[in-house]
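Being a predicted model, the structure only gives us computed values, none of them experimental. Values below: all heavy atoms of this structure, side chains included; hydrogens, waters and symmetry mates excluded.
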Amino acid sequence: MTGVRVLVGTRKGAFVLTSDGTRKAWDVSGPHFAGWEIYHVKGSRADPNRIYASQSSSWFGQQIQRSDDGGKTWKPVDNKFAYDGVPGTHQWYDGTPHPWEFKRVWHLEPSVDDPDTVFAGVEDAALFRSSDGGKSWAELSGLRGHGSGAHWMPGAGGMCLHTILLDPVDPKRIFIAISAAGAFRTDDGGDTWQPINKGLRSEHIPDPHAEVGHCVHRLAMHPSRPNVLFMQKHWDVMRSDDAGNSWHEVSGNLPTDFGFAIDVHAHEPETIYVVPIKSDAEHFPIEGKLQVWRSRSGGQEWEPLTNGLPQSNCYVNVLRDAMAVDTLDACGVYFGTTGGQVYASADAGDTWNAIVHDLPPVLSVEVQTLT
Amino acid sequence: MIRVVLPSHLRMHANINGEILLDVDGEATQRSLLDALESRYPVLRGTIRDHVTQRRRPFLRFFACQRDLSHDPMDALLPDEVTAGSKPFLIVGAIAGG
């Protein structure tokens, strides 16, 4: 039977929401790992029963949990994320050198074709890979060893590697993004990396066109067109048509181009979604009206989607990993808020419903389409 | 046998009910006690002391016999009452309100 499984990470545990293909009635299980921060939960495309979860705590550190039965049961796997070699330093907020220190895993990205291979984006920014289902982790240190690494500086939320996009066509090509260093690409499976930030303009750094230092909030890609990337930057929604070699702004008529989440329609590569947030000082929707904005033209021309979303007194945020799409027809779109709601649209964004509305603050939302 | 009490999150994480009773090889110190604890419950590695530095995680404290042992050297002997099992070694999470 066709259905969807929505994987929700929150400040106080993980939740698994399931529905059939109609996406009208939902079963909610959880909290899993109650009381722990769950930064991200993501299932394998190669084996949907294999799910990885990043569980962390300021008290007890990082855990990686793994499920082999679609989220019904979990077991902890290895939690040792040791930087390769001498970690060295990056810039601290005051500009002084600061040793690289592992804090948590922000994002888990299972391989396209192997359930036992999974990538982890961590804070302080680095990329790790496990090839044994999470039982051991090794850093792809060519990224952190890129010549610019010593100059990376954390954003207010920490120096996190939060986006990992695996090219479904070329297994050696990976895109990542770091706040506040920018976007990077490898074409050799992670041995060497290059910054891909040409065309970005950030007024809050000394050189607005610098090679690194941009606060990229999120990247998105449609799997049929891995050379086309979309970016929600701190300010500005950007697009690249050449695998990140160059970017141009597509904010167009958005009411504000600040935001965190961005995603692409499952069947229409030119249809993209963002959630405009008022500003970097006021992390909530403009005038208390929660709106998803959709472009059907790959950017520039946007329309607000409000049907079913609160249009008064709504002051939540939607974080960078808290939006996802399913691959049913019509495409389902999902996002979670810091107010604990998870909204779903079964018609590509035309109408919305809160499928849960009183969870802890939502950190991440991922969707598995089950057949 | 040394009695160890963990915070509830770690008991749940390691599927532990109540106190833990541990045999420690050689002299009973914080280091040998944590070595024994992690040997019996590998899932606790990294949760009490950092994997790499082996330092106590900053929001955890070690209490015993109405004393805060958190800043004692890792190789200092534990109090006799702890070694004898008459008093537990408490691993305590910092209180967080708000």
Q) Checking Leu60(B) against chain A: side chain, backbone, both or neither under 4.5 Å from a heavy atom? A)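 Contact with chain A: side chain only.
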(Q) At a 4.5 Å cut-off on heavy atoms, which part of Pro7(B) comes close to chain A: side chain, backbone, both, or neither? (A)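 Side chain only.
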Q: Give the ring-plane orientation class for Phe59(B) versus Trp59(A), where under 30° counts as parallel, over 60° as perpendicular and anything between as tilted.
A: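 Phe59(B) and Trp59(A): perpendicular rings.
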**Q.** Structural part of Gln55(A) lying under 4.5 Å from a heavy atom of chain B
**A.**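 Contact with chain B is through the side chain of Gln55(A) alone.
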Neighbour count above 12 (heavy atom, 6.0 Å) for [X] [atom1]:
X         : atom1 : value
Asp94(A)  : CG    : yes
Gln54(B)  : CD    : yes
Asp80(B)  : CG    : no
Lys103(A) : NZ    : yes
Asp69(A)  : CG    : yes

Q: State, yes or no, whether a side-chain contact exists between Lys75(A) and Val43(B) at a heavy-atom distance under 4.5 Å.
A: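 When only atoms from C-beta onward are counted, Val43(B) and Lys75(A) do not touch, as no gap falls below 4.5 Å.
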Q.
Is there a side-chain contact between Phe60(A) and Leu44(B) in this structure, where contact means two heavy atoms from C-beta onward sitting under 4.5 Å apart?
A.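 A side-chain contact is absent here, since even the closest heavy-atom pair is not under 4.5 Å.
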Q: Would you give the length of the straight line joining atom NE2 of His13(B) to atom CH2 of Trp36(A), rounded to the nearest 0.5 angstrom?
A: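 Spacing of NE2 (His13(B)) from CH2 (Trp36(A)) equals 5.5 Å.
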Q: Any chance you could measure Arg57(B), atom CZ, to Ser57(A), atom OG, to the nearest 0.5 Å?
A: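 One finds 7.0 Å between CZ of Arg57(B) and OG of Ser57(A).
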